[in-house]
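Everything below concerns the one structure shown next.
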Amino acid sequence: MEDKVKDRVAYWSERWNTGKTGWHVAGVNHCLIEYGEALLPSGSRRRVFVPLCGKTVDLKWFYDGGHEVVGVEAVEKCVLEFFAEHSLKYVTETLTWAKVFRTECNRLKIYCCDLMDVDLETLGKFDAVWDRGSLVAIYEEDRKKYAASMKSLLTPDFRYLLSTLIYPPTESFNGPPRNVPTELVEELYGDVCKVEVLGSQEDEVKAKKWNLKVFTEYITLLTPRTQ
């Protein structure tokens with residue numbers, strides 16, 4: 001197991017160090033622009049969790065909206081780049097399981113550590129989760145533990161916006177990003193979440209890049225399941 005942890009952290013470190021970061025976009029993710037109100041009801045101030053955040057601009061978007069933002073990212077290089085690129089002053093703290101980078105106002109934090117080893121109690125509870133590039137990136141064998149951890153972090157009135165990718169895996173390409181059909185989302189989260197697909201969009205460029213018949217992004221909203 002220890003070797004697996006080292007392997008996954010080393011893999012993503014190598015991707016960031018060599019600039020092979022095709023998942024990273026320069027602006028705010030289009031799904032937040034289109035579906036942000038579903039995640040963040042108008043007028044509300046939320047505590048937002050962004051797993052495997054990288055240096056996404058989405059963190060700053062939440063922060064500028066007045067929300068408290070917490071990210072988790074294993075690669076310190078992109079954490080440092082995030083604060084530098086947005087001219088945000090930060091302080092650091094070393095925990096037994098992570099190095100924490102936070103703004104001086106303490107409203108934006110990034111825990112630099114392996115996602116599967118976070119201290120859930122320290123992270124606390126969240127009103128909102130933006131999961132883009134996280135569930136689709138982890139090992140298949142980690143999915144149940146990941147989903148259980150994510151569900152344990154949710155407040156009673158949570159909203160969880162999830163970006164998944166659906167495509168027919170082939171011998172030449174099976175991720176990451178990995179194929180995560182809606183049925184699997186139901187299996188992982190359906191015990192406590194209502195699963196509602198808000199929209200989808202085919203990506204012909206990536207389908208062609210990886211020689212796939214189809215490559216579709218699905219945006220799904222998870223909310224508390226009512227009995």
Evaluation steps, side chain to side chain contact (heavy atoms under 4.5 Å, CB included), between V180 and V185: CA-CA 7 Å; V180 180; V185 177; 4.0 Å; yes
Evaluation steps, side chain to side chain contact (heavy atoms under 4.5 Å, CB included), between L198 and L161: CA-CA 10 Å; L198 301 182; L161 195 62; 3.9 Å; yes
Inter- and intrachain pairs under side-chain hydrogen bond (donor to acceptor under 3.5 Å, both in side chains), touching residues 92-103, at least two apart: E76-K99
I219 reachable from L222 in the ILVMFWY side-chain graph, under 4.5 Å edges: no
Side-chain (K151) to main-chain (L188) donor-acceptor, under 3.5 angstrom: yes
E121, CD: over 12 other non-hydrogen atoms inside 6.0 angstrom: no
Pairwise side-chain contact, D58 with V50, heavy-atom cut-off 4.5 Å (strictly under): no
Student check: side-chain heavy atoms of Y35 and L221 closer than 4.5 Å: no
OG1-CZ distance between T56 and F62, expressed to the nearest 0.5 angstrom: 8.0 Å
Distance, nearest 0.5 Å, that separates CD of E217 from CG of N29: 6.5 Å
Full working for ring-ring contact (aromatic ring centres under 6.0 Å, His included) between Y189 and Y160: CA-CA 11 Å; Y189 294 93; Y160 187 136; 5.4 Å; yes
Passing candidate, side-chain hydrogen bond (donor to acceptor under 3.5 Å, both in side chains) with E68, options R47, R107, K109: R47
Mutual orientation of the aromatic rings belonging to Y167 and F173 [parallel < 30°, tilted 30-60°, perpendicular > 60°]: tilted
Common cluster, L52/F49, ILVMFWY with side-chain heavy-atom separation under 4.5 Å: yes
Backbone of T216 reached by a side-chain donor or acceptor of E202 within 3.5 Å: no
Exam field: side chain K125 to backbone S152, donor-acceptor pair closer than 3.5 Å: yes
Any D157 side-chain heavy atom under 4.5 Å of D127 side chain: yes
Partner of I110 by side chain to side chain contact (heavy atoms under 4.5 Å, CB included), out of V72, V100, V69, V79: V79
Any R143 side-chain heavy atom under 4.5 Å of R178 side chain: yes
Cluster link L184 to Y139, ILVMFWY, side chain under 4.5 Å: no
Shared hydrophobic cluster for F158 and L153 (ILVMFWY, side-chain gaps under 4.5 Å): yes
Non-hydrogen atoms of H67 and S44 that approach each other most closely: CE1-O, 3.2 Å
Closest non-hydrogen atom pair between V57 and H86, with its separation: CG1-CE1, 4.2 Å
Nearest heavy-atom neighbours spanning C78 and V75: SG-O, 3.2 Å
V197: hydrophobic cluster co-members (side-chain, 4.5 Å): I166, Y218
For R159 against A38, the heavy-atom pair lying closest together: NH1-O, 2.7 Å
Approximate separation, where rounding is to 0.5 Å, of F83 CZ and L59 CG: 8.5 Å
Closest non-hydrogen atom pair between G190 and R225, with its separation: O-NE, 2.7 Å
Separation between CG of L115 and OH of Y146, rounded to the nearest 0.5 Å: 6.0 Å
Salt-bridge contact E204-K208 (side-chain N to carboxylate O under 4.0 Å): no
Where W61 and G36 come nearest, the two heavy atoms and their spacing: CH2-CA, 4.4 Å
Nearest-0.5 Å distance, CG of residue L162 to OG1 of residue T220: 5.5 Å
Co-membership, hydrophobic cluster, residues Y90 and Y111, 4.5 Å side-chain: no
Student check: side-chain heavy atoms of K60 and E85 closer than 4.5 Å: no
Side-chain heavy atoms of R132 within contact of C31, under 4.5 Å: no
Close side-chain approach of S149 and V118, heavy atoms under 4.5 Å: no
Euclidean distance, L120 CG relative to M150 CE, rounded to 0.5 Å: 10.0 Å
Side-chain touch E196/T223, heavy atoms, less than 4.5 angstrom: no
Residue N106 excluded, over 12 heavy atoms near CG under 6.0 Å: yes
